[in-house]
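These numbers come from the heavy atoms of this one structure, side chains and all, not from hydrogens, waters or symmetry mates. The sequence lines fix the lettering, A, B, ..., with proteins before strands; numbering per chain opens at 1. This one's a predicted model, so the numbers in the text were calculated from it and none came from an experiment.
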Amino acid sequence: MTSRELILSKIKTNKPEPSPLPKLFEFPRPDVSLVDNFKDVLAFVGGRAIELTDSQTIESIIKEVYPDLNNICSNFKGLDLPQIDLSKITDAHDLSHIELAIIEADFGVAENAAVWIPSNILAFRALPFITQHMVFILKKHNLVWNMHQAYEKLEINQAGGYGVFISGPSKTADIEQSLVIGAHGSRSLIVILI
Amino acid sequence: MISEYIDHPKEADNFNEDFQRTTWHDETLWFIREKRDKATKSLPEWEELRDMAAAIKSNVLSNLDDYLIEFETNAIKNGIQVHWALNAEDHNKIVHNILLKHKVKKMVKSKSMLTEDCHLNQYLESKGIEVIDTDLGERIVQLDNQPPSHIVLPAIHLKKEDVGEIFHKHLGTEKGMSNPQALTETARIHLREQFLSGGAALTGVNFAIAETGGIAICTNEGNADLGVHLAPVHIASMGIEKIIPKLEHLGVFTRVLTRSATGQPITAFTSHYHGPRKGAEMHIIIVDAGRSEQLGREDFRKSLNCIRCGACMNTCPVYRRSGGHSYGYTVPGPIGSILSPGIDLKKYSSLPFASTLCGSCSDVCPVKIDIHTQLYKWRQIIAKEGKMPFAKKQGMKLMNYVFSRPSLYRLLGKVGRNVLGILPRFMMYNSLNAWGKARELPTPPKESFREWYLRNKK
Amino acid sequence: MKVALFVPCYIDQFYPQVAIATMELLTKLGCNVDFPLNQTCCGQPMANSGCEKDAISTGMNLVANFTGYDYIVGPSGSCVLHVREHYSKLPQTKEVTKVRNNIYELSEFLTDILQIQSLEANFPFKVGLHQSCHGQRGMRLSQCSELNQPYYSKIVPLLKLVKGIELIELDRKDECCGFGGTFCVSEEAVSARMGIDRINDHIKNGAQYITAGDSSCLMHLEGLLKRKGSSVRIIHLAELLNSSIN
């Protein structure tokens, strides 16, 4: 017998009596605004959400928050910023000099400030991890309340083989439980709500 | 394999020699327990979510073979290569063969308790392959040649000064560095180089979804993703119990996992891998290593529900005051103490006794494993199988003999109380009397309650 | 109401005043209290050490002593829980089942069965409540800090009926004291350390007395307090509810 057959036959012999799958419950959303909750939680997890006002543009926010960054790339169409042309890059290793990536998120989750990024909108899967700083652009009407709704909404078959929820910048507390933002991935993360 | 006995009381005694450090260890972990409390109490449906998570896991165990086949079929459709490993040796060989095929000299690895358990690093290093643990905590203990002491916080037993010393020795930083921010920055720069030069990336698996043939991996640092997306080969190792039936079940598990682990609403990165990127390869190794046997133990199979959040460690008053290394097993603390006896009953026979059965572990468990009840049940098996020290066993028999004979019990009680009252102090408080090392004995009363009752009864 | 008094072995031998207080208190509250004379131990020390099977005749002795009573009350959550839960390993005769169903821990009996609303008790001291684990997480005598559930307690309202008492708040309201039966000697270092942390929590928050529903926890904490030379004293819940210090 192969390992596969051996394992499967041992499981078949040893498994317990059938036990039904629970029906998934729907949980009431507390009386909070999705946008406000998203902003609060993002601050709690070390990021920052900025609501675009009439007097601002996405470019003006980025220039204000990141005045000194030069190596910028984006998948957001029509952004008036000097950008690196990702189509000229063939190897993800060459992204290591990227300072700021600007990505339009598919949707966001208010309860935990996560944004859903399927790989079909990314030129490289490595991009949100290798960049030094991260900006997501999220349409406010693309907010859901919790992860149950998020999994209902996302289409894993359309994700291009990979997708990730990102909630705040990369972080670690592995040294004496001291929170340090910017472990391996982005050192800062903002979400611009439009 | 040599089965050396893990002497938890002795290891715990050593740990407690440094009173201040024990205080610090206890308080650091209690702080995480408090964050967990806050996060779980902010969710009105918390207890319902625990019920749901436990019910999903029960369903998984009762259909595990079918779900594994469904998962395999869908994973292959997604372009993933699936391997099956009966035990640690099998697993390590499969990894090695994949690396040989790609002529990999250096592999970056994110956190995986399973590969710790398989001693994969040592195995690959003996074959001339460099393995770099990329989780910060794991990298710290790897550099110092120690095992992790916690499954979520591998270096929680080390102080920042210790980390500074380890980095000074191995990464050439200046001596005396102890600022966590600066130490993390050092590690970031060091590990970036490793990510960029890794020939393969190995990850663990948090959840494997049968319905979609993909896996989910949760990290805060982003190290799993950075490794995988840069390397030509991704190997993911998973225990058979990591299966969940449907994608929608991730809604439940992502909500309970991190709130239980660190008190965050979700990890910074929750990645869903459903196939390799263009030009790369993805492998999944499905590992048994004693799990199918545990599935057959009615009283203990629920331990396979575990999603490795570490909440039972953070809440355990014994773990907090004895440290992860005192358990001598990859997964320490309460959950480790019910998993390990199934692997080697003799070696780990002291672990189910490293508990007061206070029950806090079972109450924090997001998948409702009856941990303290299982500890009690392992004790019964250890005693029955004769793994308990002879003297203790005989003592228990004697106790029953006395307690089932009321008049003998009363006679001995009277003698005992009288003896306690007249014994000189040096005879009561010596090295043979574990009670008296830190505690005084109660002052023996002149008469027992029964004697009082008979004297005062109207 | 006829009540059988269950006196755990270590209370019988080391803390008879706890049993006396329980008896007096129940009598004061109108119960007719019997003390079956041939009771010894519930068997928990053996069972928790893995020798459940060796404790069967000890368990049967307890059942024989308490057969025929509708209410069995003991001043120990730990021993009562043992009878209720782990006597499932005894032959499930009519007698065994009845004893398992009819046994109560003291505060539970006062709250759920007698439903007392007032007490003639005085205790003008600052008191810290130690929540013994078997009463807390085993019998759910009050809200557990791990669970997301509304506040309730079967002990605190009883204490509040005592005149003069001032209940202090603890930093960790239901952490284990480290007694744990044979754990207290087999894992001596951790057991002592857990107890030290508990007494320090009470001392830091100003307790003059530590009370609990289990004398086993209190014996452990008392041993540590005495060794430390502390003036903080222990008092079992039964003694406190039965006290008349002015």
Side-chain angles (χ1 to χ4, degrees), chain B residues 8-9 12-13 15-16 22 26 30 37 40-41 43-44 46-47 315 317-318 321-322 353-360 362-364 376 379-384 388 392-393 396-397 399-400 402-404 406 409 413 416-417 434-435 437-442 444-445 447-450 452-453, chain C residues 7 9 11-17 19-20 35 37-41 43 45-46 48-55 57-58 60-61 133 137-138 144-149 172 175-176 178-181 183-197 219-220 222-224 226-227:
Chain B
H8 186 273
D13 197 21
F15 187 86
N16 272 278
T22 305
D26 166 65
W30 182 257
D37 286 353
T40 59
K41 277 161 195 174
L43 217 54
W46 179 253
E47 300 299 336
T315 201
V318 178
R321 294 174 184 84
S322 61
F353 293 91
S355 161
T356 59
L357 305 181
C358 80
S360 187
S362 304
D363 278 358
V364 295
Y376 177 88
R379 292 181 182 187
Q380 309 307 321
I381 290 173
I382 288 161
K384 195 170 126 216
M388 185 186 263
K392 190 166 181 177
K393 175 87 183 150
M396 293 302 151
K397 285 213 158 92
M399 266 164 104
N400 185 52
V402 173
F403 286 136
S404 57
Y409 157 76
R417 265 180 290 119
W435 176 273
K437 203 173 155 194
R439 292 164 285 218
E440 297 291 310
L441 282 158
E447 55 185 4
S448 69
F449 172 71
R450 187 177 185 275
W452 175 89
Y453 179 81
Chain C
V7 177
C9 55
I11 290 183
D12 180 37
Q13 295 296 332
F14 291 124
Y15 295 100
Q17 70 275 20
I20 296 170
F35 176 67
L37 284 166
N38 279 328
Q39 54 180 299
T40 59
C41 167
M46 290 91 98
N48 281 0
S49 303
C51 300
E52 203 169 60
K53 293 259 155 58
D54 294 329
S57 43
T58 294
M60 291 313 281
N61 178 64
C133 299
R137 282 171 288 268
C144 297
S145 63
E146 295 86 354
L147 302 178
N148 189 348
Q149 56 180 181
R172 302 186 189 179
E175 190 177 51
C176 179
F179 172 70
F183 179 88
C184 75
V185 285
S186 65
E187 286 268 5
E188 191 275 335
V190 180
S191 170
R193 184 57 212 255
M194 285 167 68
I196 288 168
D197 290 348
M219 175 168 73
H220 169 64
E222 181 186 38
L224 292 159
K226 277 193 190 165
R227 178 62 57 90

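Contact count versus chain B (heavy atoms, under 4.5 Å) is highest, among C:G223, C:A189, C:G180, for C:G223. Heavy-atom pairs under 4.5 Å with chain C were tallied for B:F15, B:W452, B:W30; the largest tally goes to B:W30. Note on C:G195, C:A55, C:G181: by heavy-atom pairs under 4.5 Å with chain B, the leading option is C:A55. Counting heavy-atom pairs closer than 4.5 Å to chain B, the top-ranked of the candidates C:Q17, C:Q39, C:M60, C:E175 is C:E175. Options C:I11, C:L147, C:N61 differ in how many heavy-atom pairs under 4.5 Å they form with chain B, and the most are formed by C:L147. Between chain B and the residues C:L37, C:I196, C:V7, C:V185, the most heavy-atom pairs under 4.5 angstrom are made by C:L37. Comparing C:G178, C:S145, C:S191 by heavy-atom pairs within less than 4.5 Å of chain B, the highest count is held by C:S145.
Annotation: side chain to side chain contact (heavy atoms under 4.5 Å, CB included) contacts of C:P16 (sequence neighbours excluded): B:P445, B:F449.
Both the backbone and the side chain of B:T22 come within less than 4.5 Å of a heavy atom in chain C. Heavy atoms of B:D13 lying under 4.5 Å from chain C belong to its backbone as well as its side chain.
Atom CZ of C:R227 and atom CG of C:L224 lie 8.5 Å apart (nearest 0.5 Å).
Contact of the B:V318 side chain with the C:M194 side chain is registered, since non-hydrogen atoms from C-beta on lie closer than 4.5 Å. Within the 4.5 Å cutoff, the side chain of B:F353 has heavy atoms near those of the B:R379 side chain. C:F35 is listed as a side-chain neighbour of B:R450, based on a closest heavy-atom distance under 4.5 Å. Using a 4.5 Å heavy-atom threshold, the side chains of B:W435 and C:C184 count as touching.
Between B:D26 and C:R193 no salt bridge is recorded (no basic side-chain N to carboxylate O distance below 4.0 Å).
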